Asks: 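Take this structure, written in structure tokens, and hold onto it; I'll ask about it next.
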Amino acid sequence: MHAYPPPVLPASFYQRHSLTVARDLLGCRLVRRLPDGAVLSGRIVETEAYTPDDPSCHAHRGESPRARSMFQAGGIAYVYLIYGMYHCLNVVTQAASQGAAVLIRAIEPLDGVDRMADARGISSVRDLARGPGRLCQSFQIDRALDGTCITATDCPLWIQSGEPLPDVVVAQTPRIGINVSPAAIAAPWRLIVRENGFVSGTSRQNQGQSYTPTPDWFDRL
DNA sequence: TATATGATCCCCT
DNA sequence: GGGGATCATATAA
């Protein structure tokens, strides 16, 4: 049982440690209003946490034109282009000037499935948003949304709270595509909903440990 | 200015 | 499970 309509996650939700935000975003609903008014949404099933002391974090080497949004206070979007062809959606976390974010890697499509399929040029619902590049293509997210507010329903993008997920449903694994330092490679900062078919990665990559919110997470890097 | 690389995806085998 | 597409960005010279 939860309040209806589900509350939009406020800035205070994002202005916490990236790992905590990444964990709590699972099960929440990502909502996108397109320029023509159409609404898309999906349940977040996969996230990754990035913090400034992590060498794989885009903010690690200080502020840059690409990652400047990460240095704003939590509660806005950070969108960047990767491999010259795909976009990735992050939510900025923690306090201003820190440089932290959570990458949203996959959602389970809910509203606007047909529009997502049109944008992707495919029909398989499972493949619409299984991976960060696919998600952005389905939701029509690009650099135009970088730095935009995500804490109100008059924003182009926002997130609504969902049914809280118990820890047993959440697994933690190493992040995908990280190749900088042994510590960054090993850090289990990718969070997924267990046995959810809309999570990206191979079955091997999804063999994670049970989620254990121990304090030593915060000192892994 | 020049070069290497990447928080990826898709198609091929 | 391996390689190509494709280019903004970072870093070096």
Side-chain angles (χ1 to χ4, degrees), chain A residues 14 17-19 21-23 25-26 30 42 44-71 74 76-94 98-107 109 116-147 157 171-192 197-208 217 220-221:
Chain A
Y14 299 100
H17 195 281
S18 272
L19 285 168
V21 176
R23 162 66 177 86
L25 278 175
L26 294 181
L30 179 70
I44 298 172
V45 296
E46 178 178 353
T47 58
E48 284 180 359
Y50 290 86
T51 56
D53 31 315
D54 167 10
S56 66
C57 177
H58 290 175
H60 180 63
R61 292 176 192 277
E63 198 164 343
S64 67
R66 174 179 66 166
R68 74 183 181 286
S69 296
M70 290 184 77
F71 292 86
I76 64 172
Y78 165 49
V79 181
Y80 67 92
L81 181 68
I82 190 170
Y83 292 103
M85 16 170 42
Y86 297 105
H87 292 273
C88 290
L89 169 67
N90 301 249
V91 295
V92 175
T93 59
Q94 304 189 182
Q98 292 195 1
V102 169
L103 171 67
I104 302 189
R105 289 190 54 90
I107 60 103
M116 297 184 206
D118 284 349
R120 292 265 299 122
I122 63 167
S123 57
S124 162
V125 175
R126 182 165 182 257
D127 290 337
L128 287 178
R130 207 172 94 257
R134 293 163 169 164
L135 187 161
C136 283
Q137 199 172 14
S138 279
F139 275 62
Q140 301 182 38
I141 291 168
D142 61 20
R143 275 232 102 187
L145 269 72
D146 179 59
L157 191 71
Q172 50 175 310
T173 82
R175 294 169 297 179
I176 305 292
I178 299 298
N179 206 15
V180 283
S181 75
I185 291 168
W189 289 2
R190 171 173 175 255
L191 302 179
I192 60 177
F198 297 90
V199 169
S200 76
T202 63
S203 57
R204 183 192 159 107
Q205 288 171 319
N206 292 335
Q207 300 297 338
W217 276 42
R220 290 294 263 270
L221 289 176

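Nothing here was measured: the structure is a model prediction, and the numbers come from that model. A note on names: the letters A, B, ... follow the listed sequences, proteins ahead of strands, and every chain is numbered from 1.
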Asks: Apply the side chain to side chain contact (heavy atoms under 4.5 Å, CB included) test between Tyr50(A) and each candidate in His58(A), Arg175(A), His60(A); give the one that qualifies.
Replies: Arg175(A)
Asks: For Tyr80(A) and dA7(B), do the ring centres fall under 5.5 Å apart while the planes stay under 30° apart?
Replies: no
Asks: What's the spacing between Leu25(A) CG and Leu30(A) CG if we round to 0.5 Å?
Replies: 9.0 Å
Asks: Once you round it to whole Å, what is the distance between P of dT8(B) and CD1 of Ile178(A)?
Replies: 8 Å
Asks: Would you indicate, yes or no, if dC10(B) has its OP1 or OP2 atom less than 4.0 angstrom from a side-chain nitrogen or oxygen of Arg120(A)?
Replies: yes
Asks: Using whole Å, report how far CG of Leu135(A) lies from C1' of dA7(B).
Replies: 13 Å
Asks: Just call it for Asn179(A): base, sugar-phosphate, or nothing, with non-hydrogen atoms closer than 4.0 Å on any strand.
Replies: nothing
Asks: Let me see the working for His17(A) and Gln94(A) under side chain to side chain contact (heavy atoms under 4.5 Å, CB included), right down to the final yes or no.
Replies: CA-CA 6 Å; His17(A) 195 281; Gln94(A) 304 189 182; 3.7 Å; yes
Asks: Kindly express the pairing pattern of DNA chain C in dot-bracket notation, using | wherever a base pairs with another strand and counting only Watson-Crick or G-U pairs under 3.5 Å.
Replies: |||||.||||||.
Asks: For Arg61(A), answer base if it contacts any base atom (sugar-phosphate contacts may also be present), sugar-phosphate if it contacts only those atoms, and nothing otherwise; contact means non-hydrogen atoms under 4.0 Å.
Replies: sugar-phosphate
Asks: Does a sphere of radius 6.0 Å around CZ in Arg61(A) hold more than 12 heavy atoms from other residues, nucleotides or ligands, not counting ones at 6.0 Å or beyond?
Replies: no
Asks: Separation of Ile82(A) atom CD1 from dC10(B) atom C1', in whole Å?
Replies: 15 Å
Asks: State the CG-CD1 distance between Leu135(A) and Ile107(A), to the nearest 0.5 angstrom.
Replies: 5.5 Å
Asks: State, to 0.1 Å, how close Phe139(A) and Gly42(A) come at their nearest heavy-atom pair, and which atoms those are.
Replies: CZ-N, 4.0 Å
Asks: Name the residue closer to the 5' end of DNA chain B, choosing between Met70(A) and Ile122(A) according to the nucleotide with the nearest heavy atom.
Replies: Met70(A)
Asks: Please list, in 5' to 3' order, the outermost nucleotides of DNA chain C lying under 4.0 Å from any heavy atom of chain A.
Replies: dA5(C) to dT11(C)
Asks: For Thr202(A), answer base if it contacts any base atom (sugar-phosphate contacts may also be present), sugar-phosphate if it contacts only those atoms, and nothing otherwise; contact means non-hydrogen atoms under 4.0 Å.
Replies: nothing
Asks: Go through the steps for Asp146(A) and Tyr78(A) under the test side chain to side chain contact (heavy atoms under 4.5 Å, CB included), then give the verdict.
Replies: CA-CA 5 Å; Asp146(A) 179 59; Tyr78(A) 165 49; 3.4 Å; yes
Asks: Whole Å only: how far is the NE2 atom of His87(A) from the C1' atom of dC9(B)?
Replies: 14 Å
Asks: Just wondering, do Tyr83(A) and dT8(B) stack (centres under 5.5 Å, planes under 30°)?
Replies: yes
Asks: Can you check side chain to side chain contact (heavy atoms under 4.5 Å, CB included) on Arg134(A) and Ser200(A), steps first, answer last?
Replies: CA-CA 10 Å; Arg134(A) 293 163 169 164; Ser200(A) 76; 5.7 Å; no
Asks: Just to be sure I understand the rule, does Ile176(A) reach a base, reach only the sugar-phosphate, or reach nothing, if contact means heavy atoms closer than 4.0 Å?
Replies: sugar-phosphate
Asks: Walk me through whether Asp54(A) and Ile178(A) qualify under side chain to side chain contact (heavy atoms under 4.5 Å, CB included).
Replies: CA-CA 11 Å; Asp54(A) 167 10; Ile178(A) 299 298; 5.7 Å; no
Asks: Within this structure, what is the CZ-to-C1' distance between Arg130(A) and dA7(B), rounded to whole angstrom?
Replies: 17 Å
Asks: Rounded to whole Å, how long is the line connecting atom CG of Leu128(A) with atom C1' of dC9(B)?
Replies: 14 Å
Asks: Quote, to the nearest angstrom, the P distance that separates dA2(B) from dT6(C).
Replies: 22 Å
Asks: In whole angstrom, give the distance that lies between atom NE2 of His58(A) and atom C1' of dT5(B).
Replies: 11 Å
Asks: Side chain to side chain donor-acceptor pair (under 3.5 Å) between Ser18(A) and Thr51(A): does it pass, once the steps are laid out?
Replies: CA-CA 7 Å; Ser18(A) 272; Thr51(A) 56; over 6 Å; no
Asks: Given that Gln137(A) and Val180(A) both sit by DNA chain B, which one's nearest nucleotide is further toward the 5' end?
Replies: Val180(A)
Asks: How long is the line joining CZ of Arg175(A) and P of dG6(B), in whole Å?
Replies: 14 Å
